[in-house]
S.K.: 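The structure's right below; bear with me while I get my questions together.
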Amino acid sequence: MAEAAFVSCGGATAPQARRREVVVQGKRVKTVDVHAHCAVPAAMALVGRALETEALLMSSTADRIRAMDEQGIDVEALSINPYWYTAERDVASKLIQIQNETLAEICAAQPDRFVAFATVALQHPDLAVEQLEQGVKKYGLRGAGLGGSVDGLELSDPKFHPFWAKAEQLGVLVFIHPLGTAELERTGRLGGNGLLTNTIGNPLETTIALSHLIFEGTLDRFPGLKICAAHGGGYLPSYAARSNAVQTTFPHRMTGTLKKKPTEYLRQLYFDSIVFTPEALRHLAAETGPSQIIMGTDYPFPWTSTSVDHILNTPGLSDADKVAMLGGTAQTLLGIPA
Ligand SMILES: [Zn+2]
């Protein structure tokens with residue numbers, strides 16, 4: 001609104017914020033950002049959680065929409081990083097109720113620009129099952145967002161099997177976003193310059209989470225799961241073959257049998273595209289298959305503002321690959337009309 005209201009001295013209207021329309025081979029592509037953060041303060045207040053940045057708020061979406069328009073993002077799939085994994089059951093229940101209702105309202109207000117992942121209190125797995133089902137069926141949310149661990153437990157812990165079973169049954173996408181590696185933070189090893197708690201702590205947690213889901217057999221037990229890992233899956237796709245090599249190097253340390261080679265599971269997982277260079281995206285696609293990569297921005301955290309161009313300008317990707325990464329795959333997974 002505001003940016004369109006300026007009138008120049010000559011009386012002509014100043015140019016409106018431009019909405020970039022992404023085109024591949026002459027055809028408009030509806031682009032989807034699978035990695036976009038937001039916050040619901042009324043829910044955060046229940047556990048005294050402070051807002052990290054006002055840019056997370058959805059009370060006014062003008063700045064967010066402007067950023068989306070400039071970057072060529074048509075739809076954001078909103079998620080909220082879990083901060084409630086230590087909450088008692090009744091608080092967690094109320095918190096998630098407020099949060100998912102609000103997410104549904106945000107999406108309903110601008111259905112052509114926003115969809116959202118349900119939030120779930122995974123520390124109470126039976127509750128999380130109900131919250132996922134209600135989130136999808138009652139509130140029209142498109143899956144669930146999880147952290148990379150739950151109050152010290154791995155996502156592969158059998159305690160969470162009922163949740164994975166429900167996600168598989170509903171056929172919805174589960175977006176895994178790391179919360180950092182709290183255990184390392186306590187030792188001070190991620191202190192000092194460079195925000196290592198986030199810079200390497202976040203992708204490290206994703207690497208650990210995915211490795212357990214593979215090696216503990218969770219992905220064998222629930223083969224229909226649709227999981228998207230943030231930040232290109234952390235470090236796992238960069239060094240995936242080591243997970244195969246351990247099977248022959250230390251076979252006596254394999255405590256369970258897997259149905260496939262560890263690297264083959266990367267071809268059934270999804271990964272966002274936040275890997276920064278064309279070479280990294282090329283390598284990710286080589287390890288996972290281009291069909292497994294979904295565009296992400298990490299908005300409002302300014303890790304990148306060129307997610308569209310990153311995909312468009314990566315050599316070796318076909319036009320079909322680019323269309324799939326920019327939005328095609330996400331449309332299918334998230335039920336977004338073309
Ligand atoms: Zn993020």
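Whatever order the structure lists ligands and atoms in, that order sets their numbers, starting from 1.
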S.K.: State, to the nearest 10 degrees, the angle whose vertex is the Zn ion (ligand 1) and whose arms point to NE2 of His177 and NE2 of His37.
M.R.: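 Taking the Zn ion (ligand 1) as the apex, I get 100° for this pair.
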S.K.: How about NZ on Lys261, more than 12 heavy atoms from neighbouring residues, nucleotides or ligands closer than 6.0 Å, or not?
M.R.: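 No, the 6.0 Å shell around NZ holds no more than 12 heavy atoms from other groups.
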S.K.: Measuring from the Zn ion (ligand 1), name the closest N, O or S atom belonging to Asp298.
M.R.: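 The Asp298 atom nearest to the Zn ion (ligand 1), restricting to N, O or S, is OD1.
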S.K.: Tell me whether Arg282 is salt-bridged to Glu279, with the criterion being a basic N under 4.0 Å from an acidic carboxylate O.
M.R.: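 Yes, Arg282 and Glu279 are salt-bridged.
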S.K.: Working note: Arg66 + Asp69, criterion salt bridge (Lys or Arg N to Asp or Glu O under 4.0 Å); need CA distance, chi angles, decisive distance, verdict.
M.R.: CA-CA 5 Å; Arg66 187 181 308 116; Asp69 286 350; over 6 Å; no
S.K.: Do any of the N, O or S atoms of His231 sit under 2.8 Å from the Zn ion (ligand 1)?
M.R.: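 No, outside the cut-off.
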S.K.: Between Trp303 and Phe276, what is the shortest heavy-atom contact and its length?
M.R.: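 Closest approach of Trp303 to Phe276: O-CE2, 3.5 Å.
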